[in-house]
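Just so we're on the same page: letters track the sequence lines, and every chain starts at 1. What you see is a predicted model; the values in this text were computed from it and never measured.
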Protein chains: 2
Amino acid sequence: MRSKHPLSLGFLEGLIGFRLRLAQISLFEDFERALRPFDITPTRFGALVLIEANSGLSQMQLAKTIRLDRSTLVALLDHLEGKGLVKRRPSPTDKRTNELVLTDEGRKLLAKAKRRVQEHEKRLFGKLSASDRAELKRLLEAVSAKKYNNTL
Amino acid sequence: MRSKHPLSLGFLEGLIGFRLRLAQISLFEDFERALRPFDITPTRFGALVLIEANSGLSQMQLAKTIRLDRSTLVALLDHLEGKGLVKRRPSPTDKRTNELVLTDEGRKLLAKAKRRVQEHEKRLFGKLSASDRAELKRLLEAVSAKKYNNTL
DNA sequence: CTAAAAACGTTTGACGACAAACAAAAGCCG
DNA sequence: CGGCTTTTGTTTGTCGTCAAACGTTTTTAG
């Protein structure tokens, strides 16, 4: 006797949010496994990419863009800085803020990581057609584009 | 001087995974806010629905279906049981497992929660057309339908 | 039938995330 | 200018999650 998986999803069956959650779990699982050798998580990867693309940005700017609490970012940057990938440089114009920059080592590691991430995306979304992928991206953007009535 | 949001996303621009992550954050934010009065999170909600739809299921079956570690489920069920919404009932046929069932109170609360969740889904996905919603759901299902090469 | 292997629920430890409180600095406004 | 408010980075506390180890029970092999 082994009534295996097939449970009824009940109310969850119709919920897009539930599917989104499952997809997110699959995503994270594969990403984590693929980037484990680099000790890089999705969040860390996002931070590195953004620092590369916007050298000198502040912690708040970074936090907002990847939608992370600024307090969370502290430990994350401590980690990356501890590994010599990122540097916090006190801003000369605003003594409250730090300018974030990638080190040479950071740039080098990121280059390698990007290739892994590219493979990872292919693995996850490769089963979809190119137009399906574009469509998925478009729809996801629409979802997080927040301008819903904040009348709560 | 206030260089606001507009940061370049760089490499993230093209990644579906990044969009998925952002959408997931938006989802969780709205869900959490909408269901806060009930002290119900997305994960708890999933558990309640699944127990309702598959009364008597085991913890492992539940954990697998919502893709949660079985150790995580322990605390979650402790919480729900503590609030009198769920009951753990030792299985008569397999002394290792518990049969999970909803209490009357659990069923009542879940009914209310479902309505809130329905509103929440409308809020998040209502900006999409019906066909877009169906498409999104289909694509997300395809993503988490794991059967990618496990050659890693 | 019996010994080894697997499954189940639990405990403990680690980690990432948020929220609240804080000090320092910058911005605002009389 | 001079005081209040806001912003920024940090610390501390809490929570949800996974992973590993454990005892009990079931399943499987020989």
Taking the side chain of Asn98(A) as heavy atoms from C-beta outward, which of dG16(C), dT10(D), dG9(C) is closest to it? dT10(D)

Which of these nucleotides, dA26(C), dG9(D), dT25(D), is closest to any side-chain atom of Lys95(B)?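 Looking only at side-chain atoms, Lys95(B) lies closest to dT25(D).
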
Quick one: does [X]'s side chain get under 4.5 Å of [Y]'s, heavy atoms only?
X: Leu140(A); Y: Leu22(B); answer: no
X: Phe45(B); Y: Phe11(A); answer: yes
X: Leu124(B); Y: Phe31(B); answer: no

Interatomic distance where [atom1] belongs to [X] and [atom2] belongs to [N] [whole Å]:
X: Asp94(A); N: dT6(D); atom1: CG; atom2: P; value: 17 Å
X: Lys64(A); N: dG9(D); atom1: NZ; atom2: C1'; value: 13 Å
X: Leu22(A); N: dT17(D); atom1: CG; atom2: P; value: 13 Å
X: His79(B); N: dG16(D); atom1: NE2; atom2: C1'; value: 12 Å
X: Asp69(A); N: dG16(C); atom1: CG; atom2: C1'; value: 12 Å
X: Arg67(B); N: dA19(D); atom1: CZ; atom2: P; value: 11 Å
X: Glu32(B); N: dA17(C); atom1: CD; atom2: C1'; value: 13 Å
X: Leu76(A); N: dG9(D); atom1: CG; atom2: C1'; value: 14 Å

Would you kindly check whether a donor in the side chain of [X] faces an acceptor in the base of [N], or vice versa, at under 3.5 angstrom?
X: Arg70(A); N: dG9(D); result: yes
X: Arg96(A); N: dA26(C); result: no
X: Ser71(B); N: dA19(D); result: yes

OP1 or OP2 of dA7(C) less than 4.0 angstrom from a side-chain nitrogen or oxygen of Gln59(B), does that happen here?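 Indeed not, no polar side-chain atom of Gln59(B) lies that close.
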
Please determine whether a side-chain nitrogen or oxygen atom of Thr72(A) lies at a distance below 4.0 Å from atom OP1 or OP2 of dC18(C).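 Looking at the OP1 and OP2 atoms of dC18(C), one of them is under 4.0 Å from a side-chain N or O of Thr72(A).
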
Between Arg88(A) and Arg21(A), which residue's closest nucleotide on DNA chain D lies nearer the 5′ terminus?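 By nearest-heavy-atom nucleotide position, the 5'-most residue is Arg88(A).
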
The reported gap from CZ in Arg88(B) to OG in Ser58(B) (rounded to nearest 0.5 angstrom) is 12.5 Å

Indicate, with a heavy-atom threshold strictly under 4.0 Å, whether Leu73(A) touches base, sugar-phosphate, or nothing.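 The residue Leu73(A) makes no contact with any strand.
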
Taking the nucleotide of DNA chain C with the closest heavy atom to each, which residue, Pro92(A) or Thr41(A), is nearer the 5' end?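 Comparing both residues, the 5'-ward one is Thr41(A).
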
Ignoring hydrogens and angles, state whether a donor on the side chain of Arg21(A) or Thr43(B) is under 3.5 Å from an acceptor on the partner side chain. yes

